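This report concerns only the one structure given below.
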Amino acid sequence: MTLKEVARYLGKSERWARMEGRDLGLPLVVIGRSLRCDPAELRKWVRQQR
């Protein structure tokens with residue numbers, strides 16, 4: 001998933017996903033100059049936040 005897709009999935013802004021996501025441990029990976037996320041890892045992370 002792109003950062004934009006991650007933000008939309010979480011109901012947050014891209015800026016939030018980029019800045020706060022690192023502090024909260026979002027499973028983001030740098031590929032080239034882009035931040036990406038595996039959808040399964042994101043769903044797992046969301047479940048752990050509950």
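Here the structure is a predicted model, which is why all the values come from computation and not from measurement.
- Taking CZ of R8 as the reference point, atom CE of M1 lies at 8.5 Å (rounded to 0.5 Å).
- For the atom pair E20 CD and L10 CG, the distance stands at 12.5 Å (nearest 0.5 Å).
- Across L26, L28, L3, a single residue satisfies side chain to side chain contact (heavy atoms under 4.5 Å, CB included) together with C37, and that is L28.
- Here the straight-line distance linking atom CD of E14 with atom CE of M19 works out to 13.5 Å at 0.5 Å rounding.
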Discussion item. Between V29 and L35, does the side-chain contact (heavy atoms from CB on, under 4.5 Å) criterion hold? Intermediate values first, please.
Written reply: CA-CA 6 Å; V29 177; L35 287 171; over 6 Å; no
Discussion item. Go through it in stages, so that I can follow the logic: the residues are T2 and R36, the test is side-chain contact (heavy atoms from CB on, under 4.5 Å), and I'd like the CA-CA distance, side-chain angles, deciding distance and then a yes or no.
Written reply: CA-CA 5 Å; T2 65; R36 301 294 175 133; 3.3 Å; yes
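- In the hydrophobic clustering of this structure, V30 groups with W45; members are Ile, Leu, Val, Met, Phe, Trp, Tyr whose side-chain heavy atoms approach within less than 4.5 Å, directly or through other members.
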